[in-house]
Structure formats: structure tokens, C-alpha cells
Amino acid sequence: MHTFPRPAEATVSVAREPVEGECAACGAQELRSYPVLSEGGWFRVVKCQRCLVSKSREPWNLAGSITFLSEQV
Amino acid sequence: MLGVDVGGTFTDVVAFRDGRIVTTKVPTDTREPERGVLQGAEELGVDDAAVFNHASTAGVNAIITRRLPKVAFLTTEGHRDILDIGRAWRPLSAMTDPTWRRSFGDAASPLVPRYLRRGIAERMTASGEEAIALDEDQAREQLQVLSRCDGVQGVAVCLLNAYVDARHEVRLRELVAEELGDGVECSISSDVSPLAKEYARASTTVVDVFMKIIYSRYTERLGSGLREMGFGGRLNFADCAAMLVDSDFAMQAPFRIVFSGPAAGTVSGAHFGGLIGDENLLCADVGGTSCDISLVTAGQPFVQTEFELEHDLVVNALSNEISSIGAGGGSIVSISPAGEMRVGPASAGADPGPACYGKGGTEPTLTDACLLMGILDAERFAAGRMALDAAAAQNAFEGLETSIDPDQRAPQAYLMGLNNIAEGIVDIAVKHGVDPRDYSLLAYGAAGGMLLPAALELVHARRVIVPPHPGLFSALGLLSSDLVYADSRSAYTVLTPDAAGPVDEVYRQMEDGLRERLGADAHDVRFERSMDARLVGQTWDTPFIPVPQDTIDAAAIETMIESFHVAYQERAGNRFDALPVQGVTYRVQAIVPVDKVSYPHSDRREGQSLQASRTIQLRDLDGSTYESEEYERDDLRAGDRIEGPAVIREELSTTRVGTGQTATVGDYGEIVIEQGGGR
Amino acid sequence: MSTVETGTQAEQPLLRDIPEDEFEARYGCDRFTATVLANRYRYTVEHMCAGLLSNAFSIILRDWYDFAATIAGPPRDNYSMPAVSNSLVLFLGTMTDAIRNTVQEYGPEKLRPGDVLMCNDPYRTGTHVNDVNFVRPIFHEEEIAGFVNLQAHMLDMGGVVPGGFSGTKRNVYENGVVIAPQLLYAEDRAVTSGWSLIFDNARFGDVLLPDIKTIYENLRLGERLLSETLERYGIRAFHGAMRYACDIAGEAMHHALRALPDGDYAGEDRIDCDGVDDEEEFTVRVTIRKRGGRAEVDLSGSSRQARTSINAGWLDAKTAVGVAFKFLIDRETPFTSATFRDIDIVLPDGSLVSALPPDGAIFLYWESTMPLVNAILRALEDAVGERAVGGDYGSLSIHSASGATADGTPWATMAQCGGEHGPWGATSTGDADSYNVFYLANNIDPATEAIEADFPVLVMRKEYVADTAGAGYHRGGAAVLKDTLWTEGVEHYSSPMHVKSASGFGVGGGGDGRNGAVWVFEPEAFDPSALIPDTPEAYAGTTPVAGVLDPETHALREDGEYFFFARVPMWQTEPNTVFRYLTNGGGGWGNPFERDPERVKRDVRDGYVTIEGAERDYGVVITGDPDRDPEGLEIDSAATEAKRAEPAG
């Protein structure tokens, strides 16, 4: 198993990276990229922050950001 | 001999006289139930009857509807919430429902409200030591609080560890009589059900005191009413396993008769199965609101050591295990929000009943589906006493909000109802590890014959058997049982040679007690011993391990241990010789054999072959119609053979033989339906 | 595989309205068959559970119902889960992902008929190491048609604490053996290395062996039932009905979400500290953004993971979110993988409920996901209106004890003598019960007489306490007081996690339930010939385990001092010592000053509320003696009217 250190800050947050472009559903220019957990597991999404419609949803790692050392064998 | 089964709506009366079965059905008088019983008895005549065997759902109905007398509950101080806690768990359907509440809890409808549950300063330990002495002054104070309350009619007493040592309970019963008077009924748990685990013992004791109050006057009135009619025989009550006990004896521990109706059907099945040489049965009683399913293996009903009146409302009584599926003739057909067709669990009951009864019901039911499919005859329902209204049934189905083709709705509802029943049957088979292919499906209740043959393919049972008098078959169970007097006692004992003395003493005490109570019957009696036991470290028991009948010595203990391992392997698939066995509950049954009903033989046909009375139209699953022969059950003779599709009609019931099925008539008039060409 | 969503979902036709030919095209069978098969799947998992329940050996399976069965679709349907047994709520949400992660890591192409896979890693499959997933593929013409699965609690899985129940383990190495996805059976032959991995690392192997064999038999039962179904209805209908069952659940949640007003909602709840010190409080914070039929649940701002095994994993967080939403807005539809179809969870790494290996040890995971449920119930309190739900007792305050009998035989009790059961919050339908299993679980309460027959302990009290329930138009459940008298020298672990702030919060104007605490009464601190009273004076000579208490009298005091539970990691007690657990009270629903005075009188009569409490919390003035003359109580109507007319505050 990989070693993940305990976060140094007392609280933890997900960063939402801004993405250029317009929401196809509502037209807002508020797209952001971040991982989400939903039906089907983890996804990396680009999602409108106003109406929550996803511009894209790419399946991500099985356990999200947790990876396993055995993958490197 | 007579049998009377008092249901919520009807009282069924059956008699066996001069080799013939005579039956009648009268409405139940819910206010004064003995009147309906006496009316039925009068119709069939009792003056020459040797026994009058009685089962009733009055007790369970009083509890379920909470039309109950006021009683109090005394327990060890610090534990008065036992009755509110139950065993804490919620039913499967409430898994994600925060609005769920315990039906018998203080927040819903308690059997005994909290202020009438009083703590008594005392404490016994699990090994029978007195940790805190009984504080009689404190106890009297608590009883005086009850005497200030208006009209307390009974007191149930259940102290912690009283199954080990009863002295505090016995003394409290005396104090109850002194403080509240003899007119107040009192049940103590060490008498009622001296078994470990306080909640079940407490709830059983509360049920017992209710039944004492409800049944004692009833029994008196019934007894005197029967005597006035010239009845000189013996009045017996059926218990929850449909075993019969003398009414006086029954009234000493009346919790055992709280739920005595449905079990009779299983016993009836076991008895009839023995007669026709078919000892493995899945019994299915399809009535108006539900389908009650039970199991008979090698001629024996499956008996359980406790059962529930409502979710987690436990009674420690031997009972036939019966599981109820909400699929009967009155089950309502509806469309779920997702557009799925559903059948039950809601029921139209007897009033207003199915839409086709024309009594104001507007929702379609399984009975309406059967009528529209042609399985039921509108003119001949319930022996022609009630004409069915097909247009009303049609309207009800058309009123469903669904895109399903109107012609297919009734057949689909019929199939969905069948499907529910089939899953229920498979469930009970799986639970008991039996393969339905080794079992016959015994179909009774008024709606059994019209539904269950079609379930044959879904269940993979060997065959369907529709017995004679399917509508009154349960009541016939009251004429199919022995008199059985039972006692039991819990005492955790690791089975070693040293345990022989104490275990022997337990059995001797119980058997001496039964002999004394049996009086004149004692010379015919056969005792049967068993125990519930477990491996040391387990918290649940394996019930009904056989126990030798003679003096329990070291050799007998060896035999008991071996019997446990054999039974455990049979039931759980493993054997653990290295682990010690612990006896938990010791049981004795005193069995007094009595005469039972015998079914008249059906003669073989001579001369002309069986003729259909006419040809009728049935509706198929896709909505199309096809032709079917119609027969009269009274015309059938042993050996007759009918190819499906066919419909067989009798006074209170209809049997449907599906396409590709064959029905043959057995020696006692039973209809045996098999898939394919049959025998 | 990538998908793009366009437009809003408003135009989606309801499943019930789509024409029959379109239905057949989508689901490979007619509507009726789909309904029958969806039922069949639910029954199949129930049959599997019935078989396990009747034959399992260990009490944890038999009494705690600590297992669940599911069916999963084939890899190409992404292991969608059309049916889950109604056993342990905690497993509902983890199992779909658990099966996918187990099979994908092992490699679906390597699976053969008759194989059984297992995996127990909390970071891969959720819950804790004692819960092992057993996965059996169902084949149809050489291809995987689906899976039947059982996840079941094993009595032990190694690690430094027997049985594992402890909030003090500091990393995965102390926690227990981790089983990565691997075979337990290959083509119905036992794989010895798999069995040995368990037996060589876990205690109580002689109990585990028959339990696992029973599980195997019930996987085979599930396989047989599904194979019969496949044979009869064909593969298209088989898969179509799986999708259909999921779509129904997805649609139900979608419509429930649409009915909620759009908005951003925030809520939080916390546990007191971890097992290292009481310097750091742990908060679970949610922000729920709801637009149309979609919701996003963001846990950003939540506390980082704890230093001991009270953490939960990412799949436990997912389960808690699903259960909380179902509790509030979709109570009746069966739970499937599609419950989450329109819910995205935004979950930061390394939080209390998404702990990371190896230092974010996970064991008492429910202690951390209960605050997550509470945070969501709180966040949506106003949005759901009447359907708001108050909090439950918030922590199991789980108690374990061990010792040895006179002849040296060791004994151990787990989760029997602490505050494992307690009250729920009230809802719009009425008052709450006072003795339930917590929202996320379900099981049977062990009988006092069974505990006393097995262990050197007397349960002296197990009773509700007046004025502890959250007041309300509907009252919350009352707190449970449990006294256990240990007659021999014993070692105890006690983990009360939620006594600083109210877990049983009220909703819609209802009051909070009172906070609980845990105390030890040494032999000299009480009179053994009677029950220990429940008065503020009774605690003077006690040693508090946890609670916010008066530093002198040790009685409950809202502005008192917090006593840290793990300052003594293991409590070693003399014979005749009493442990007292007082749970938190459940939250009330609605304004208590509008509760019918007759109902308040009934509560006074029944000892749920005192005469003083009736006046203070409900504005109802009652006269009489509830203890000695319960039916003689009277409501002073004039005084009540005056009291209720007083300005709030």
C-alpha cells in the first residue's frame, strides 16, 4: 500500500480548478474540474457550478486518489 | 365430535358423525363470540358429541386492536422499560424509515402504559443468589399506587432471573392478592414460562394475564351454554400448535391459546397427508386477505418455540411456524409510482370486499381478476348466495392508472399475485433447507384451488393437492389432533455426568406435575421429552433434541450429547465434537391419544365416464380467450382424470387446472394436479 | 468511456409512461417480466440471507445481523447493483463499489465458474477489516452474467485488539490483516493459501471456518436461483431487468430531489476527539448544492483524519450520504446503486470520513459517519419542511470487557454493556422510541439474563431518564441509563465519542436531547444493597470516563469540564465496580409549546417528563404526584395559558 501522510492542516478541502468555456445547459461560464464520487464510483468531472450539469465525466481510479504500490510491480 | 374455529369474520363449525363430515359457517359475533359458537353448535347438534374442540382468534384480535383490559406489570427495579424495549430491532421494511416506531412502544400503543409498569426493589442473580432482598414495604407501596388507579384488572409479574429462582415472584403474587384483592388476576413469569431471556418471558406473562381476563368468562359462558344444549362431553381448546388441551387446563396458562386458529390448517394437512401417504407438504391456505404458508416434513408440522403477534411482540409458546403473504382473494391490485403492477399487501377484506361483490369496493382485487378471467362463475359464488358483478370488476381494473392494455390487466394481476405466493413458498422452503421438488403443495382456503395450481411451475413442487372441503379444511384440523399437555423449564446446564442428577430432577418434577393435573387421563398418557440446547459459547439454541425417557444417568447424558451433535449436523451442516453441549430448556409433552376425523372413501366410477357440465370461455394472459371444460366436484370419483384447461366447481370453492396440467382424483376425493401428462 | 450530459433532465419521460415497444427495446423484456425479475432479485438476496442467518455459527452474524447480500450486474454494466438485502444498513452503499473494485483489481477475465473472490480492505471495499466481501460470478455461455455477493463480519481479523472493536489503534498494522482481492475457491475447490491467510492471522479460527463455509453454501444458493432465472427468461431480460430495477430507484431519488427547493445548504456535526488526546475536535461539514434533479454534497472544510481507529473510509461516507437522503426524501424505494445517480459527493482526501493508509486507521467507522448523517439532516432541515428528522443518540459509546474465570478460561464481551442502543429523534408522525439501534444499523439487543448467565456482571439498571428527551410538538426519545455491576476484577475499553455537543438535535423548533456521560463507581462509592440513585449528588465519589461535568460533583453540567475518555486507555477495575452509561437524548420535532397539554400530562404520568420539566420545556403547569398517584394529575389550564403566553426567552 502507498503511504499517505496525515494532512498537516486541521481541515481538508477539494480544490475546484477553473475551466474555460460555457455550460451547454445554462450558458454560465462557471465550469470547474474536480473529482466526485457517485453511481459507478469515482469520476473526474468538468461541471457547471451554477446548474450542476456535467460537461464531461471521466471514470477515475477505482479507489480515487488512493493507489496501491502493487500497481508498480 | 365437533370442531369450532372462530375467525374474525366467520365461525367455521365441522362435525364428524357416523363416518360423515358435516359442516356449517356462521357469522362471528365479535362482542359476544360465544353466541356465534353456540349457534353453530346448535345447527350441527351437540347432544351426542363426545368432544367439542375449540380454536379462536379472539385473543390475538384483542391484542392487535388493543381492545384490552387494564393490567399492570411488576418487574425488578431499574427494568420497567423491558416491555418498551423489546429486542430493539426494527423490521426489514423500516431500514431507511426514520418514522418507524415499535407498535407496542410507549410512543405508539403500549400494552401496559409506563406508569402501570412498576419497579420492585429486589434482585436475584443468574445463579439463584439473592443480591438484594425483596423489600416488601416498597412492594406494598407500589401496589397501593396501582390500587389508587382506576380499575386495574390484572397484574403480570416478571422479575429478572426468576426462571432460576421464583421465590420473590411467588411472594409478590401473595402481596398482589393482599393489596389488590382476589378479583385481580395475577400471572407470574416463573409459572407461565420459566425460560431465560427476560423480554420474551415478560411479554408472554403479560399476554397470559390478558388471556385470563378475556377467556375466563367466555369459557364459563360457553361451557354452560353447551351444557344447556345437552352436551355432556369434553370441551377442549386448541393451542398455537393446534394441539388440544382440556379447557380447565388451558385456562391455567391461557397464553398458549392466544393464536389458535391458523395452526389447525397445518395439523389438518399433516393428518390428511398421512391418510393419502404423502408426508412432505407445503401447506398453503389462501383466504380473503392472506396466504398462510407452512411446512409438514415426514408427517410433522414444523414447530417453533416462540412466535410474534406483531413485529417483535413475542410469545414463548410452541406454535406451528406459519408465514403470511399479503396475497389472498381480497388483495388489492394497484399501480406503483413507477408504473409497476402490485398485488397486496392491502386487502379489501370482507367489507367492502372485492369490487365484484357490489358492496362499494372500487379497487380491483385478485377475486375480480379471477372473475374477469372466467375462473369464477358470477352466478355460483359462495354456493350461489351472492351474485358477482363482472361490470364492477371491469370498471375497477379500467380505473387503474397504467398504460397496460385493459384486457391484460386482470391476467397480469393474477400472475403477479401468484408470483408473490410462489416467492413466499420458496422462501419458507429455503429457510428450512428443503427442496420443493420433494414436496406436494396442499392448496386450501376458499381461494387455494383457483390460484395455486398455476403456481406449480414457479415453485417446482411435485404436485398440487386440493383436499375435500378446502374452504373448511383448517377447522377439520381441530378433529385431527391428540390431546397434548406440555411443560418446559430453563436451566443452563453443561452436559457432563455430574449434570445427570439435576436434569433428572427437572424432568421428574415436570412429569409428576403433569400427571397430577391430568387426573383420570394419566393412565393413557405417553410422555415425550426433548431439550433445547447449544454449544457452549453460542447464544441461540437448537430446539427439540430428543431426550431418553428413563432415569437420566451418566449414560443418558451421553446419549443426549450425541443426539445434539446429530441434530446440529442435520440442521446446520457441521459437527463440533470438541465443544461441550449446554442444555438450556427442558421440555415434556404428555400425549393422550384421542379419536380423529376420517375422510370417507370416494368410490371408483362404474359405467359412464366423467362428463363435463359445459364448456366455458377463459381469458388468457395476453387477453385472448380460449375454451375450457367445466366440471362439478360432486361428480368426481376416485380415479377420474381431467386434462387441463379445466375448471372444477364446488359449493365454496373453485379449482383451476391449467393448460398442460392433468388432474386425477384420489381415494378420498382429493384432486391431484400435476404438470404434464400425470401418472 | 466518457459521457457528456446536455440540457436539464426535466423532459425525461417517467418510466411508467414510456410505450411498451420502447420499454422492450430498452430493457429486453416486457414491463411485466421486468417487474417480476426485479422482485426475483430482491427475493434472491433475502433467500441468501435467510440461509446464512439460520446456519451461521458466530453470534455477530446471528444476533447483530452483521452481513448483507447483493446482486451485481456484469462488468459491462459497471457492476450495477439492482438488489440489496435489507439487513445491515451500513453495507447498503459500500457493496456496489466493493464488488467492482474487487473484481476489477483481480481481473474479470481470469474468473471461472465456481470461483469465489474475497477482499476486506477498508480503502478498497469500505467498512472495517472484519467485514469480508465474498464474490461469486454467475456465468452464461462462457461470459460473466453477474455476481452474487455476501459481505459478513468475521469474529476476528487479527490486529492488536481481540475482536478489533477499539478506537485506539494507530495504523493499519495494528488494525488487522488486510486481504487484497484473491481467490478463496477456484472452480469450487478451496484455495488453501487464501484460507491460511485468514487462519494464520486471525483469532477464533474454529468459528471462522464454519461461518465461511456457510457463506460459501449461500453464495451457491444465490447462484442456483439466478441461474434458474437466467435459463427461464434469457440473458437479455436478465440484464434488462437489472437495469430496470436500478432505473426505478434512480428515478425515485431524482424526483425526490426535484421536489426539494433549489439552494445551497450547510450543516455540520462533530465528535469529541480521538484516542490520543482531547486537543483536537473532529467536525464533519457538508455543503449541499441542489439544482433541479441534481445534488452535490461537498465535505470540504471537514476535519482531517483522526490519529486512531475511529476514522471512516470514502465508501462509508458514500453510504452515509445515501442513507441520509433516503431518510429524508425517499424512504420507501429499495436501495440500489442508482440511488446515487443524481448525487455527486465531493470528498477531500484524508478527512475523518475519507481516511488514508497507513495512519488513518479505520475501525469504529460508524462513530464518524453518524455525524455525517447528522450534518445532512441538519443541512436540509428547512428544505424538507415537515419531513425533517431530529438526531439520534449519536454514539454507541461502545464497551468491551474481558477477564478470566476462576479456572483461567478467558472471556470477553463486546458491545453489550455500554450505550450501544438509545433514542431516536422525533418526526412529523409522532414521538420517537427511546431504545433503538442507531440510524445506520439494525440488530437484536442482547437479553440481560443472557449477559448475566455468560459474564460476571449484573445489569442493575436499563431504564429511561426523565427530562432527557428533546422537547417538541413531538418528543424525541429519552436517554437510556445503564448500570453494570462487575463482580470480578475486569479490564474495560470504553469509547464514548459524542458527549460535548448534542447529537440528538431538535428540528422545526424542537429542543435538543440532553447529553450523556459515562462514570465508574468504585466499590466504596455506592451502597450495594440498593440501586445507585440518579441524582446530582450520586456522582461525588465517581471517576468520570467521559462527559461534560461539574469538576467537583461530577454531575452533568452544561458549562462544566470535559473529561477525556482515553486518558485511561484501559480501565482495570476491582470486584464490585459499577460502570454507568447515560446515552444522549433524541431530538424533538416542532414547537414544544404547541404540544397538546394532555400529551404533556401523559408524559408526566409516564415519567418521561417531570412536573418541573413540563412547565419549563412545554409551558404546561401540572399538579399532583406522578409517582404515587399517576392518574390523579391535573392540568392547571389558566396557569398553562399564562405560561404559554409569556414572551419566549
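Every chain is numbered from 1 and lettered A, B, ... according to where its sequence line falls, protein lines coming before strand lines.
How far CG of C:D629 is from CD of B:Q144: 12.5 Å, rounded to the nearest 0.5 Å. Between B:M416 atom CE and C:T35 atom OG1 the span is 5.0 Å, to the nearest 0.5 Å. Once rounded to the nearest 0.5 Å, the distance linking CD of C:E452 with CG of B:L160 reads 6.5 Å. Between the CG atom in C:D445 and the OH atom in B:Y199 there is a gap of 11.5 Å [rounded to 0.5 Å]. Here OH of B:Y492 is found 7.5 Å from CG of C:D454. Values are rounded to the nearest 0.5 Å. For the atom pair CD of C:E332 and OG of B:S336, the computed distance is 12.0 Å after rounding to the nearest 0.5 Å.
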Please walk me through it: do C:K462 and B:D81 pass side-chain contact (heavy atoms from CB on, under 4.5 Å)? CA-CA 7 Å; C:K462 184 167 140 186; B:D81 293 320; over 6 Å; no
Please determine whether side-chain contact (heavy atoms from CB on, under 4.5 Å) holds for the pair B:R148 and C:E631, giving the CA-CA distance in whole Å, both sets of side-chain angles, and the decisive distance to 0.1 Å. CA-CA 8 Å; B:R148 273 190 285 276; C:E631 289 185 356; over 6 Å; no
Does the side-chain contact (heavy atoms from CB on, under 4.5 Å) test come out yes or no for C:R16 and B:T402, once each step is laid out? CA-CA 7 Å; C:R16 63 181 297 170; B:T402 170; 5.5 Å; no
Determine, stepwise, if the pair B:R80 / C:E463 fulfils side-chain contact (heavy atoms from CB on, under 4.5 Å). CA-CA 7 Å; B:R80 64 167 160 162; C:E463 198 170 29; 3.4 Å; yes
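C:R628 CZ: 12 or fewer foreign heavy atoms inside a 6.0 Å radius. Within a 6.0 Å radius of CD in B:E457, no more than 12 heavy atoms belonging to other residues, nucleotides or ligands are found. The number of heavy atoms from other shown groups lying within 6.0 Å of CD (C:E22) is above 12.
Heavy atoms of C:A530 lying under 4.5 Å from chain B belong exclusively to its backbone. The contact between C:R605 and chain B is made by backbone and side chain atoms together, counting heavy-atom distances below 4.5 Å. If you measure heavy-atom distances from C:Y244 to chain B, the contacts under 4.5 Å come from the side chain alone. Only the side chain of B:R123 comes within less than 4.5 Å of a heavy atom of chain C; its backbone N, CA, C and O stay farther away. Neither the backbone nor the side chain of B:L146 comes within less than 4.5 Å of any heavy atom of chain C. In this structure, chain C has a heavy atom under 4.5 Å from the side chain of B:N419, while its backbone stays farther away. In this structure, chain B has a heavy atom under 4.5 Å from the side chain of C:Y43, while its backbone stays farther away. Proximity to chain C (any heavy atom under 4.5 Å) is shown, for B:V426, by both the backbone and the side chain. Proximity to chain C involves both the backbone and the side chain of B:D150, based on heavy atoms less than 4.5 angstrom apart. For C:R602, the part lying near chain B is the side chain, with the backbone staying farther off; criterion is any non-hydrogen pair under 4.5 Å. Contact of C:I248 with chain B is made through the side chain alone, with heavy-atom distances under 4.5 Å. For C:R475, no part lies near chain B; criterion is any non-hydrogen pair under 4.5 Å. Looking at C:E20, there are no atoms closer than 4.5 Å to chain B (heavy atoms on both sides), in backbone or side chain. Neither the backbone nor the side chain of B:T76 comes within contact range of chain C, judged by heavy atoms closer than 4.5 Å. Within the 4.5 angstrom heavy-atom criterion, only backbone atoms of C:A432 (N, CA, C, O) approach chain B. Heavy atoms closer than 4.5 Å to chain C are found in the backbone of B:A162, but not in its side chain. Using a 4.5 Å cut-off between heavy atoms, B:Q408 does not touch chain C at all. Using a 4.5 Å cut-off between heavy atoms, B:R342 does not touch chain C at all. Contacts of C:P19 with chain B are absent, with no heavy-atom separation under 4.5 Å from either backbone or side chain.
The residue among C:D17, C:T333, C:L458 with the most heavy atom pairs within less than 4.5 Å of chain B is C:L458. The greatest number of non-hydrogen atom pairs below 4.5 Å with chain B, out of C:V459, C:V389, C:D392, is found for C:V459. Across C:D431, C:T487, C:T448, the residue that shares the most heavy-atom pairs under 4.5 angstrom with chain B is C:T448. The greatest number of non-hydrogen atom pairs below 4.5 Å with chain B, out of C:D606, C:T429, C:D627, C:D534, is found for C:D606. Of the listed residues (C:I451, C:L15, C:V36), the greatest number of heavy-atom pairs within a distance under 4.5 Å of chain B belongs to C:V36. Contact tally against chain B (heavy-atom pairs below 4.5 Å) for C:F335, C:Y608, C:Y439: the top residue is C:Y608.
The closest side-chain heavy-atom distance from C:V437 to B:R90 is below 4.5 Å. The shortest side-chain heavy-atom distance between B:E423 and C:H47 falls under the 4.5 Å cut-off. Side-chain contact between C:N443 and B:W89 is absent, with no heavy atoms from C-beta onward closer than 4.5 Å. Within the 4.5 Å cutoff, the side chain of C:E228 has heavy atoms near those of the B:H460 side chain. Put simply, the side chain of B:R114 does not reach to within 4.5 Å of the side chain of C:D603, judged on heavy atoms. Within the 4.5 Å cutoff, side-chain heavy atoms of C:P630 are placed close to those of B:R118.
The salt bridge (charged side-chain N to carboxylate O under 4.0 Å, His left out) analysis of residues 93-102 of chain B, with sequence neighbours excluded, yields the pairs B:R102-C:D433.
Salt bridge absent: B:E77 and C:R461 never bring a charged side-chain N and a carboxylate O closer than 4.0 Å. Salt bridge annotation for C:E449-B:R201: present, with a cationic side-chain nitrogen under 4.0 angstrom from a carboxylate oxygen.
C:H474 is linked by a ring-ring contact (aromatic ring centres under 6.0 Å, His included) to C:W589, counting only residues two or more places apart in sequence or in another chain.
Counted by atom type alone, C:Y464 and B:D84 present one or more donor-acceptor pairs between their side chains at under 3.5 Å.
Put simply, the side chain of B:H79 gets close to the backbone of C:M460: a donor and an acceptor are under 3.5 Å apart.
C:W424 and B:W100 make their closest contact through CZ3-O, 4.0 Å (heavy atoms, listed as atom of the first residue, atom of the second, distance).
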